[in-house]
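The structure appears right after this line, and notes come after that.
Only this structure's heavy atoms are used, side chains among them; waters, hydrogens and symmetry mates stay out.
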Amino acid sequence: MIRVKLKSVYHYGVFVSDDEVIQFGLAPNMRQAVKDSDVEVCVSDIETFIQGSMLEVAVLDKKEKKTRIPAFLSVKKARERLGEKGYNILYNNCEHFAYECIFGAKKCTQADDVRAMFRNLPIVDVYVGEVAEKIALKEIAFKSRLEEISACKNERVQKQKYSAWKLLEFALNRSFGLSIKKINLEKNSFGKWISSDCFFSISHSDKAVVVAVSRGEVGVDVECDTDKAEKIKDKVFTALEREEYEQLDEGQKKRYFLEKWTQKESIFKKKGEGVFRPNEIETRDYKTSRKSITVGGKEYLVSVATDALERIRWYQDVNYIK
C-alpha cells in the first residue's frame with residue numbers, strides 16, 4: 001500500500017510494479033473535471049501516481065502483518081476491480097479501496113476525521129408541516145407516546161400531537177439518520193420528552209406543526225394570530241415589556257404579543273425544566289430567532305431558542321407523511 005500527499009489530502013494506491021499502480025481514480029488534481037459517479041478503479045505507472053510528490057510506503061506492524069491478505073491475493077483483488085465505479089469521498093474512496101485490497105476490510109482515517117468533524121458541527125434544523133387530516137395511530141412506533149396520543153379525547157388536538165410526532169420521526173431521520181424506533185427516548189421529571197442521542201423540540205398550533213432538532217439544547221414554539229393578548233398580558237409580560245406594549249398601536253400590539261409569547265415558550269422548552277412563568281422570563285437575556293410562516297393559507301409566527309442561531313436551517317412545507 002502506497003500513498004502521496006497532495007495539498008491537504010492523501011491519495012492511496014496498491015503498488016504492483018513501477019508500471020502498475022492500481023487505485024480508485026487518479027489523483028484528485030488529475031480528475032477535477034470528472035464527476036464522482038464517473039470515477040473508477042484504474043491503473044497508472046508510478047510516476048503518474050506520484051505527481052512529483054514524495055512517495056510513502058506503508059510499514060505494517062506485527063498485528064497488521066498477521067491480518068493482511070497474501071500479496072498475490074491483494075494484486076488479484078485489485079485487478080478484478082478495475083473499471084469498478086461507485087466512488088464516494090466519505091464511504092468508498094481510494095483509501096477504502098487500498099485497505100480492502102490489502103486487509104480485506106474498508107478503512108479510511110481521513111473519512112473518519114471528516115465525519116467526526118461533521119458530527120461536532122452545530123446543527124439546528126427546523127421543519128414546518130401541515131397537520132394531517134387523516135391519522136394512523138398504529139404507525140406510532142413508540143408505545144408510551146402512542147398511549148398518550150390515543151388517550152387524547154379532542155380529535156383536533158389528537159391530530160396535532162400525531163402530526164408532531166410523525167414530523168419528529170421525519171426530522172430525526174433527515175437530519176441525523178436516526179430511527180425513532182432505535183434511539184433512547186424518555187420523559188424527564190418535568191414531563192418533557194428527551195433523548196440522549198440529540199436534542200429536539202415540538203410545537204403545534206391550529207393547522208401548523210413545527211419540529212426543531214439539534215446537537216445542542218433547543219426550543220421551538222409556533223402560534224397564530226390571537227385576541228387573548230389583553231386578557232393574559234399581565235401573566236406574559238415583564239414590567240418593561242408591559243410599558244413597551246402599551247406604547248404600541250393595536251396592530252403592533254398583536255405582533256408584539258406573539259413575538260414575546262413564542263419567544264418565552266421556546267426559551268422555556270429549551271431549558272426543559274421548571275414551571276412556565278412567562279412574566280419572569282426576560283427575552284433579552286436569551287438567543288432566539290423568529291420567522292413568519294404560512295401553512296394552509298394562514299400566517300403563523302415561529303420562535304426558536306438556540307445558542308447557535310447562525311446554524312438554523314428551515315425546511316418548510318415538508319411532506320412528512322408517507
Listed once per pair and sorted, the salt bridge (Lys or Arg N to Asp or Glu O under 4.0 Å) pairs that draw on [range], sequence neighbours left out:
range            : result
residues 19-46   : Glu20-Arg79
residues 150-168 : Glu133-Lys159, Glu139-Lys166, Glu155-Lys159, Arg156-Asp206, Lys166-Glu169
residues 188-202 : none

Transitively linked via ILVMFWY side-chain contacts under 4.5 Å: [X] with [Y]?
X      : Y      : result
Ile281 : Tyr245 : yes
Val318 : Val131 : yes
Val211 : Tyr162 : yes
Leu55  : Leu6   : yes
Phe170 : Val209 : yes

Only one of Val213, Asp317, Val210 passes side chain to side chain contact (heavy atoms under 4.5 Å, CB included) with Tyr127, and that residue is Val213

- Give me the one residue out of Thr288, Thr238, Asn279 that meets side chain to side chain contact (heavy atoms under 4.5 Å, CB included) with Lys264.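 Testing each of Thr288, Thr238, Asn279 against Lys264, the sole residue satisfying side chain to side chain contact (heavy atoms under 4.5 Å, CB included) is Thr238.
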
Tell me the closest heavy-atom pair linking [X] and [Y], and the distance in Å.
X      : Y      : value
Val124 : Ala308 : CG2-O, 3.8 Å
Ala132 : Tyr320 : N-OH, 3.6 Å
Lys107 : Tyr99  : O-CD1, 3.4 Å
Ser53  : Val4   : CB-CB, 4.3 Å
Cys42  : Gly25  : SG-C, 3.9 Å
Gly13  : Gln23  : CA-CB, 4.2 Å

- Item | Test: Arg242 cationic atom under 6.0 Å from Phe237 six-membered ring centre, within 45° of axis |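 No cation-pi geometry.
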
Quick one: are [X] and [Y] in side-chain contact, heavy atoms under 4.5 Å?
X      : Y      : result
Phe97  : Ile22  : yes
Met1   : Phe15  : no
Leu146 : Leu137 : yes
Glu259 : Thr283 : no
Ile312 : Val126 : yes
Val304 : Ser266 : no
Ile123 : Arg313 : yes
Leu240 : Arg284 : yes

Show me the donor-acceptor pairs, under 3.5 Å and distance only, between side chains in residues 267-276 and residues at least two apart or in other chains.
from: Lys269; atom 1: NZ; to: Ile202; atom 2: O; distance (Å): 3.0
from: Lys269; atom 1: NZ; to: Val220; atom 2: O; distance (Å): 3.0
from: Lys271; atom 1: NZ; to: Tyr286; atom 2: OH; distance (Å): 2.9

List for me each residue that meets side chain to side chain donor-acceptor pair (under 3.5 Å) alongside [X], sequence neighbours excluded, and say none if there are none.
X      : result
Lys233 : Glu230, Glu246
Asp234 : none
Ser37  : none
Lys287 : none

Audit row: Lys207, Lys298, side chain to side chain contact (heavy atoms under 4.5 Å, CB included) steps and yes/no: CA-CA 8 Å; Lys207 297 180 180 180; Lys298 190 171 184 177; 5.6 Å; no

About how many Å separate [atom2] of [Y] and [atom1] of [X], when rounded to the nearest 0.5 Å?
X      : Y      : atom1 : atom2 : value
Lys231 : Lys235 : NZ    : NZ    : 11.5 Å
Leu168 : Arg145 : CG    : CZ    : 9.0 Å
Arg3   : Ile50  : CZ    : CD1   : 14.0 Å
Cys152 : Glu147 : SG    : CD    : 14.5 Å
Asp225 : Ser205 : CG    : OG    : 10.0 Å

Could you tell me whether the side chains of [X] and [Y] share a donor-acceptor contact shorter than 3.5 Å?
X      : Y      : value
Tyr300 : Glu223 : no
Lys106 : Asn92  : yes
Arg311 : Ser214 : no
Ser303 : Asp221 : no
Ser292 : Arg255 : yes

Here the ring pair (Phe, Tyr, Trp, His ring centres under 6.0 Å) pairs for residues 177-197, sequence neighbours left out, are Phe142-Trp193, Trp165-Trp193

For residues 47-90, the ring pair (Phe, Tyr, Trp, His ring centres under 6.0 Å) pairs (sequence neighbours left out) are His11-Phe49, Phe24-Tyr87

Exercise for the section: Evaluate the criterion side chain to side chain contact (heavy atoms under 4.5 Å, CB included) for residue pair Ile2 and Val21; output intermediate values, then yes/no. Expected result: CA-CA 9 Å; Ile2 59 175; Val21 179; 3.9 Å; yes

Applying salt bridge (charged side-chain N to carboxylate O under 4.0 Å, His left out) to Glu100 and not counting sequence neighbours gives Arg81

List the steps, then state whether side chain to side chain contact (heavy atoms under 4.5 Å, CB included) holds for Trp314 with Asp125. CA-CA 6 Å; Trp314 291 87; Asp125 287 349; over 6 Å; no

task: Any chance you could lay out the side chain to side chain contact (heavy atoms under 4.5 Å, CB included) test for His96 and Tyr12, step after step, and finish with the verdict?
output: CA-CA 9 Å; His96 286 120; Tyr12 284 74; over 6 Å; no

Should Glu250 and Lys254 be marked as a salt bridge (Lys or Arg N to Asp or Glu O under 4.0 Å) after you check the CA-CA gap, both sets of side-chain angles, and the distance that decides it?
CA-CA 7 Å; Glu250 291 306 311; Lys254 284 189 176 182; over 6 Å; no

Please output the side-chain donor-acceptor pairs of residues 177-187 that fall under 3.5 Å, not counting sequence neighbours, one pair per line with the distance.
from: Ser179; atom 1: OG; to: Lys181; atom 2: N; distance (Å): 3.2
from: Asn184; atom 1: ND2; to: Ser196; atom 2: OG; distance (Å): 3.2
from: Lys187; atom 1: NZ; to: Glu148; atom 2: OE2; distance (Å): 2.3

